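To start, the structure itself, in structure tokens.
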Amino acid sequence: MSSASSPAAGRDAGGRGQVWRSRRYRWDLRLSPYAFVAPFFLFFAAFGLFPLLYTGWAALHQVELTDPDAMTWVGLRNFTRLWDDAFFWNALRNTLTIGLLSTVPQLLIALGLAHLLNYRLRGSAFFRVAVLTPYATSVAAATLVFVLLFGRDYGMVNWALSAVGFGPVDWQNGTLASQVAVSTIVVWRWTGYNALIYLAAMQAVPGDLYESAALDGASRWQQFRHVTVPSLRPTIFFTCVVSTIGATQLFGEPLLFNGGSGATGGSDHQFQTLGLYLYEQGWVNLHLGRASAIAWAMFLMLLLVAGVARLVRGGPR
Amino acid sequence: MGDVPDAAAGRGRGPAGAGRPAVKVLRAGKPTYVVLALFTAGSLFPLVWTAIAASRTNTRLAQTPPPFWFGGNLGRNLSIAWTDAHMGTALLNTLVVAGTVAAGTVVLSTLAGFAFARLRFRGSRGLLALVVSTMLIPPQLSVVPLYMLIAELSWTDRLQAVVLPALVSAFGVFFMRQYLAQALPVELVEAARTDGASSLRIVWHVVFPAARPAMAVLGMLTFVMTWNDFFWPVIALTQNGSPTVQVALTGLGRGYIPDQSVIMAGALLGTLPLLLVFLVFGRQIVGGIMQGAVKG
């Protein structure tokens with residue numbers, strides 16, 4: 001395609017070496033971009049695209065983990081089974097509740113935290129790193145600690161609650177209580193991260209907006225409400241979508257909050273999420289076909305979220 | 001700049017500081033510091049308490065009030081976690097996996113990012129859009145066939161099962177593209193071309209040097225993410241094969257070792273290396289996240 005003039009392509013000199021060199025130069029110019037992007041697409045084709053498409057195919061079959069090569073066509077049966085499956089609906093409901101319980105506080109706190117970090121601060125670097133530290137902790141390590149902190153009999157949370165006169169809460173067996181506890185882990189790990197994203201956006205807000213607001217006599221709170229938040233709207237939207245996607249995939253926290261009894265998400269499935277249910281169907285009950293069907297259900301949910309998000313964004317602009 | 005007492009200036013109602021130009025950067029008052037200190041405490045407390053619990057005995061952890069200061073059992077618990085739960089092997093595995101994935105991702109992303117930022121080729125726009133759209137695919141959607149694939153290749157419980165699928169990073173490609181579009185002047189590439197440099201030479205002598213800061217940030221972010229990766233490693237690896245730290249911790253949490261203080265020692269071992277990375281490179285990591293955020 002490119003007709004870029006090659007440097008000193010002295011064809012007239014007639015030297016064979018030079019012709020060869022200029023040809024090689026043109027090939028280099030034309031082909032090397034593809035060579036540079038090829039590794040990404042090769043790996044993506046093998047480990048991303050192929051599995052993605054194959055999930056749809058596997059969802060239409062009965063496949064067992066014990067013998068993945070033996071696939072029996074069952075049509076839509078995996079999906080109709082899900083429709084009649086109380087555990088599936090339970091997991092869906094839990095995913096939504098835990099998603100709300102973790103996303104909403106997380107983003108609100110992050111917004112306030114970012115606002116504070118945006119002040120001219122002594123030791124601002126320290127505070128930024130400190131609030132980001134939970135992000136460096138793995139799901140597994142964080143959950144194991146919180147399991148102890150939320151222990152019913154000797155946990156620190158219940159000890160603190162009883163110190164201020166509240167009875168002990170059964171954080172593992174109560175439905176709402178366990179979901180709050182699982183959400184707390186998510187909030188703890190991700191609030192600082194989101195705060196930094198908001199902070200980056202706040203620093204891009206032109207200073208004269210604040211100046212004129214201050215001249216108009218706006219208080220700090222009014223400046224926050226009428227200057228900061230509106231300027232941040234695209235970023236807030238972005239974090240909402242990303243956190244929602246993250247929430248639909250919740251897996252590690254409910255797996256390990258169970259204290260050793262496997263992938264059921266509590267004795268009564270009270271905090272089993274869709275991600276965990278997929279894992280239970282596929283790798284505990286060995287039904288890979290059904291697991292694929294759950295994966296597709298999750299994907300449809302995400303599409304729904306994306307659609308709603310687009311509507312919301314398209315609306316009040 | 002006049003040193004006006006912070007709190008007073010901050011509380012200024014209306015055009016109080018009428019004389020001087022209105023505050024451009026708001027100064028923090030004492031309440032700000034108090035609230036931030038509370039947030040810091042909340043962020044760090046579970047980590048500190050992991051160390052406290054890891055230094056106690058299981059019996060002490062089953063008493064109220066819970067311990068608030070270190071005990072003398074850290075060495076014992078760490079060594080039990082190290083030997084019985086094979087945390088040493090798991091740490092080594094994780095180091096290999098996270099190191100390989102970080103290095104591979106950085107190199108592949110820089111190559112692709114350079115091509116997208118500075119080279120002209122047919123279909124580049126469409127391909128870049130494809131890269132970005134792959135960021136939205138949830139890992140759950142491909143996990144079943146991916147497992148069938150690595151079972152077919154007999155890679156279950158081998159480290160390549162978690163390394164190879166992770167080498168692809170759409171975020172990395174996008175991140176490097178955005179950086180190079182800014183930091184690598186077109187003239188520099190053109191000049192190298194005029195001097196007759198091949199594309200590979202340009203990559204080595206022009207692109208890599210220009211991209212170095214972003215490569216470092218991407219490398220650290222990838223290292224942290226891979227170290228903490230959970231969903232796929234738990235499926236592809238087992239505690240008895242060659243686990244990563246996260247898989248080994250899952251074993252601990254499932255009552256493989258019922259002693260809480262040992263479990264906390266394991267959690268501490270799994271977290272400490274990253275905390276060290278954070279201690280040294282924290283500012284750069286913060287910068288990288290904020291940079292990625294604005295562009296994203």
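What you see is a predicted model, and the numbers here were worked out from it, not measured in a lab. Letters A, B, ... are given to chains in the order of the sequence lines, protein chains preceding strands, and every chain is numbered from 1.
Both the backbone and the side chain of A/L144 come within less than 4.5 Å of a heavy atom of chain B. With a 4.5 Å cut-off on non-hydrogen atoms, A/M156 touches chain B through its backbone and its side chain both. Only the side chain of A/L65 comes within contact range of chain B, with at least one heavy atom under 4.5 Å from a heavy atom of that chain. Heavy-atom distances place the side chain of B/L130, and not its backbone, under 4.5 Å from chain A. For B/L167, the part lying near chain A is the side chain, with the backbone staying farther off; criterion is any non-hydrogen pair under 4.5 Å. Contacts between A/V241 and chain B at a heavy-atom distance below 4.5 Å are absent for every atom of the residue. Heavy-atom distances place the side chain of B/V173, and not its backbone, under 4.5 Å from chain A. Contact annotation for B/L146: both backbone and side-chain heavy atoms come within less than 4.5 Å of a heavy atom of chain A. Contacts of A/L116 with chain B are made by both backbone and side-chain atoms, with heavy-atom separations under 4.5 Å. In this structure, no portion of B/L279 lies under 4.5 Å from any heavy atom of chain A. Contact annotation for B/F281: neither backbone nor side-chain heavy atoms come within less than 4.5 Å of a heavy atom of chain A. With a 4.5 Å cut-off on non-hydrogen atoms, A/F41 touches chain B through its side chain but not through its backbone. Both the backbone and the side chain of B/V143 come within contact range of chain A, with heavy atoms under 4.5 Å apart. Heavy atoms of B/V247 lying under 4.5 Å from chain A are absent altogether. Interface remark: A/A125 contributes side-chain atoms only to the contact with chain B (heavy atom separation under 4.5 Å). In this structure, chain A has heavy atoms under 4.5 Å from both the backbone and the side chain of B/A170. Within the 4.5 angstrom heavy-atom criterion, only backbone atoms of A/A46 (N, CA, C, O) approach chain B. If you measure heavy-atom distances from B/L164 to chain A, the contacts under 4.5 Å come from both the backbone and the side chain. Contact of A/D153 with chain B is made through the backbone alone, with heavy-atom distances under 4.5 Å. Using a 4.5 Å cut-off between heavy atoms, A/M71 contacts chain B through its side chain alone, with no backbone atom that close. The contact between B/L119 and chain A is made entirely by side chain atoms (from C-beta outward), counting heavy-atom distances below 4.5 Å. For B/S198, the parts lying under 4.5 angstrom from a heavy atom of chain A are both the backbone and the side chain. With a threshold of 4.5 angstrom between heavy atoms, A/L278 approaches chain B through side-chain atoms but not through N, CA, C or O. Only the side chain of B/W49 comes within less than 4.5 Å of a heavy atom in chain A; its backbone stays farther off. In this structure, chain A has a heavy atom under 4.5 Å from the side chain of B/L149, while its backbone stays farther away.
Proximity of B/I52 to B/F68: side-chain heavy atoms (C-beta onward) are nowhere separated by under 4.5 Å.
When each of A/L117, A/T133, A/V147 is checked for heavy-atom pairs under 4.5 Å with chain B, A/T133 comes out on top. Most heavy-atom pairs under 4.5 Å with chain B, from the set A/D28, A/L302, A/V131, A/L53: that is A/D28. Most heavy-atom pairs under 4.5 Å with chain A, from the set B/S199, B/A112, B/A267: that is B/S199. Between chain A and the options B/A53, B/P165, B/G123, B/A62, heavy-atom pairs under 4.5 Å are most frequent for B/A62. Counting heavy-atom pairs closer than 4.5 Å to chain A, the top residue among B/S169, B/S124, B/S142 is B/S142. Ranking B/T40, B/I285, B/L111 against chain A, the residue ahead of the rest is B/L111, based on heavy-atom pairs under 4.5 Å. Chosen from A/Q249, A/R128, A/Q203, the residue pairing most often with chain B at heavy-atom distances under 4.5 Å is A/Q249. In terms of non-hydrogen atom pairs under 4.5 Å with chain A, the most contact-rich of B/N228, B/L249, B/L127 is B/N228. When each of A/F50, A/Y135, A/Y54, A/W188 is checked for heavy-atom pairs under 4.5 Å with chain B, A/W188 comes out on top. Per-residue heavy-atom pair counts under 4.5 Å with chain A were compared for B/G172, B/P46, B/G270, and the maximum is reached by B/P46. Across A/T137, A/L52, A/L49, the residue that shares the most heavy-atom pairs under 4.5 angstrom with chain B is A/T137. Between chain B and the options A/T248, A/T191, A/L148, A/I245, heavy-atom pairs under 4.5 Å are most frequent for A/L148.
A/T228 and A/Y210 form a side-chain donor-acceptor contact under 3.5 Å, judged by distance and modelled atom types alone.
Ring planes of A/F299 and A/W296: perpendicular class, angle over 60° (limits at 30 and 60°). Between A/F251 and B/F230, the ring planes are tilted. Angles from 30° to 60° get that label. A tilted orientation is assigned to the rings of B/Y33 and A/F127, their planes being inclined by 30° to 60°.
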query = Taking it one step at a time, do A/W159 and A/L149 satisfy side chain to side chain contact (heavy atoms under 4.5 Å, CB included)?
reply = CA-CA 9 Å; A/W159 171 80; A/L149 292 175; over 6 Å; no
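For A/Y34 and B/F121, the ring centers are positioned less than 6.0 Å apart.
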